[in-house]
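Data first, discussion second: the structure below is written as structure tokens.
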Amino acid sequence: MIRDLRPFGEALAGWMREKGLSTKRLAELAGYKSKTSIVRILREECVQSGRERLFARISELGLLSAAERRTLSQALELSRVGGEQAASRLRLRQLLMGQREETSADTSFQRALDSLRTAHAARVLLLNGCRPEVMDALRDVLARRAAHTMEHYVTVGASVRRDMNALCAILSIACVPSYACWLREVRADEEEGAPTLQDVLCFTAQDRDGVSTDTLILFPAEGGVAVHTQPSSCGLFNFFRSAILRGGIRPAVAASSILKEGPETIVDAMRFCTEMERGRAARAIKPDVCLNQIPGEILRAALVDGGVLRHFPGWSERQVGAKMEEFFYYHSQRFHNAFAGEQPRMQIMSARSLRHFALTGRFDSNFSAIRPFTVGERIAILENFTRCMHGDDGAFLRVWNAEADLAMEVHCYDGLGIVAFPAREAGGLNVSFQTAILRDAHLVSLFRSCFDDDLLRNCTMSHEESLLYINGLLNELRAAP
């Protein structure tokens, strides 16, 4: 948990006390000539390579349980990058795995949201407020109440940790159609307690009788909330919104809409993805095998055999066939971009999802009008993965190594922005496609840095291990009767 982060020396000292190990005994076990190196590590006076050597040695000796290894590995990372950086990166990992900090829900806050949950229509304004419990509650309300809208105003640039909280908060909710976000750069002369850095939630809610009330919720730094409610005729909501809009803000996420099910949606989704990927380097957390990684002839056969030509009521086979040709035009470009494009592409994939695909021939989120891929087709698909992994020094694909599976799908495109949605809603031929993009160079750079220097370094199998894992799946498939 974030609040339990400790540097390596402190975590090592705690582990030694639990094991009853002295510095001299640990030095002997690790093969050091004296206890001096251990003492320097405990005092945080050594270089990072010294900590890493000791950690590797005690791991090789089998002295660590799985939980102890996780604790010391986390502490090792904190000593490498510093406390604020480590805490911010852990926040991103928790988002990707669907984990949440254990926080007790403030009863005043929950009671204040009751009127929002039951309102016929509402407008929500959030100033900062990038706390997981706040974003989770608001996302749940917006998902259930189609007539509600939300405007989110976030100040960035104050600190790495605040910026990461903002990035994770926005990515967690950006795919909700009624959500929109604006960003504002912190000024050099602003102090920590400046009004633009405060957490404030304000909403105007209308019941079915047309009666409206405005609610203002303040989140003090020391905990707890302050809630004030009054009739909308007093103008609280409008006053608060006008005060926010006086600052220098820029749009970051525009409100999006869900497309209806149909062949046009599938083609539009493929066209949209092709435009995003064209000529751009990309980093992706994509848990599942996806359409643009399947050779066109294999995908076409699975769609035709699965009955896609008869899947859409009101469409003739000729009309669906024409849309399929358009679909495969864009698919060929995406397949090329994935494996042979001019711009580098790096992807992290879930070990569980890879195994599920290898065993069943299905995506995690399946499209009903596509048959499972045959064993021979699965072998061809995974063999194509390994060919690319042999040729790119591991840039194409790494396999996620954490115990918890990936819960988010995130795509980061250089020069464009970030697209994110829940993983189980993103696979297969998803006919409800979101087009909301977080467009901000500062937050894109932050995500890219964490992807390269944290996720690939600490949360994935190595290039060799990833290749070995996929080859293991291939060997199982080849041995299948």
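As a basis for the values below, the full set of heavy atoms in this structure was taken, side chains included, without hydrogen atoms, waters or symmetry mates.
Under the 3.5 Å distance criterion, the side-chain polar atoms of D199 are matched with a main-chain donor or acceptor of G129. Checking side-chain atoms of H463 against main-chain N and O of M389 turns up a donor-acceptor pair under 3.5 Å. In this structure, S445 contributes its side chain and A441 its backbone to no donor-acceptor pair below 3.5 Å. Using modelled atom types, one side-chain atom of R378 and one backbone atom of F373 make a donor-acceptor pair closer than 3.5 Å. Side chain of Q74 to main chain of T71: no donor-acceptor pair is present (N/O by atom type, distance under 3.5 Å, no hydrogens or angles). Between the side chain of R162 and the backbone N or O of L197 there is at least one donor-acceptor pair closer than 3.5 Å. With S332 contributing its side chain and Y329 its backbone, the two residues share a donor-acceptor pair below 3.5 Å.
Contact of the E317 side chain with the R310 side chain is registered, since non-hydrogen atoms from C-beta on lie closer than 4.5 Å. Contact check for F451 versus I348: side-chain heavy atoms found under the 4.5 Å cut-off. The shortest side-chain heavy-atom distance between D364 and V289 does not fall under the 4.5 Å cut-off. Side-chain contact check for I437 versus F272: some heavy-atom pair is nearer than 4.5 Å. By the 4.5 Å heavy-atom criterion applied to side chains, L354 and D288 are not counted as neighbours. For the pair I173/M150, a side-chain contact is recorded, criterion being any heavy-atom separation below 4.5 Å from C-beta on. Side-chain contact between L126 and M135 is present, with at least one heavy-atom pair separated by less than 4.5 Å. Residues Q347 and I285 have side chains not in contact (no heavy-atom distance under 4.5 Å, counting atoms from C-beta outward).
Remark: D453 engages R80, R89 in a salt bridge (charged side-chain N to carboxylate O under 4.0 Å, His left out) (not counting sequence neighbours). The ring-ring contact (aromatic ring centres under 6.0 Å, His included) search around W182 returns Y153, not counting sequence neighbours. Under the salt bridge (charged side-chain N to carboxylate O under 4.0 Å, His left out) criterion, E18 pairs with no residue, sequence neighbours left out. Every residue two or more places apart in sequence or in another chain that forms a ring-ring contact (aromatic ring centres under 6.0 Å, His included) with F335 is listed here: F339.
The line from OG1 of T386 to CD1 of I381 is 12.5 Å long, rounded to the nearest 0.5 Å. The CG atom of L72 lies 8.0 Å from the CZ atom of R6; values are rounded to the nearest 0.5 Å. To the nearest 0.5 angstrom, L63 atom CG is 9.0 Å from E68 atom CD. The distance from the CG atom of L92 to the CD atom of Q94 is 9.5 Å, given to the nearest 0.5 Å. Expressed to the nearest 0.5 Å, how far OH of Y179 lies from OG of S172 amounts to 7.5 Å. To the nearest 0.5 angstrom, N165 atom CG is 8.0 Å from S88 atom OG.
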(request) Check step by step if side-chain hydrogen bond (donor to acceptor under 3.5 Å, both in side chains) holds for R51 and Q48. (result) CA-CA 5 Å; R51 301 184 189 98; Q48 182 67 8; 2.8 Å; yes
(message) Test side-chain hydrogen bond (donor to acceptor under 3.5 Å, both in side chains) on T460 and N401; report intermediate values, then the result.
(response) CA-CA 5 Å; T460 65; N401 67 4; 5.8 Å; no
(request) Decide yes or no on side-chain contact (heavy atoms from CB on, under 4.5 Å) for L42 and T23, but give the supporting numbers first. (result) CA-CA 9 Å; L42 291 170; T23 52; 3.5 Å; yes
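Ion pairing between R271 and D268 holds under the 4.0 Å rule for side-chain N and carboxylate O. For the pair K35 and E28, the salt-bridge criterion is not met [side-chain N within less than 4.0 Å of a carboxylate O]. The residues R280 and E275 are annotated as not salt-bridged, no charged nitrogen and carboxylate oxygen being separated by less than 4.0 angstrom. Look at R131 and D136 and you find no salt bridge, because none of the NZ, NE, NH1 or NH2 atoms lies under 4.0 Å from a carboxylate O. Between E52 and R457 there is a salt bridge, since at least one side-chain N of the basic residue sits less than 4.0 Å from a carboxylate O of the acidic one.
For I41 against C46, the heavy-atom pair with the smallest separation is CG1-SG, 3.5 Å. For the pair A30 and L54, the tightest heavy-atom approach, listed with the atom from each and the gap, is CB-CD1, 3.9 Å. Between S466 and R398, the shortest heavy-atom contact is OG-CA, 3.6 Å.
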When the side chains of residues 410-423 are checked against the rest of the protein, which donor-acceptor pairs come out under 3.5 Å, sequence neighbours left out?
unit_1 : atom_1 : unit_2 : atom_2 : d
H411   : NE2    : E409   : OE2    : 2.6
D414   : OD1    : R448   : NH1    : 3.2

Do any side-chain atoms of residues 468-481 form donor-acceptor pairs under 3.5 angstrom with protein atoms, and if so which ones, sequence neighbours left out?
unit_1 : atom_1 : unit_2 : atom_2 : d
Y469   : OH     : A351   : O      : 2.9
N471   : ND2    : L467   : O      : 3.3
N475   : OD1    : R478   : NH1    : 3.4
N475   : ND2    : N471   : O      : 3.3
E476   : OE1    : R355   : NH2    : 3.1
E476   : OE2    : R355   : NH1    : 2.9
E476   : OE2    : R355   : NH2    : 3.4
R478   : NH2    : E383   : OE2    : 2.8

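Counted within 6.0 Å of CZ on R144, heavy atoms from surrounding residues, nucleotides or ligands total 12 or fewer; the atom is thus considered open. In this structure, K323 places its NZ atom where more than 12 heavy-atom neighbours from other residues, nucleotides or ligands lie under 6.0 Å away.
Side chains of H331 and N292: no donor on one and acceptor on the other come within 3.5 Å.
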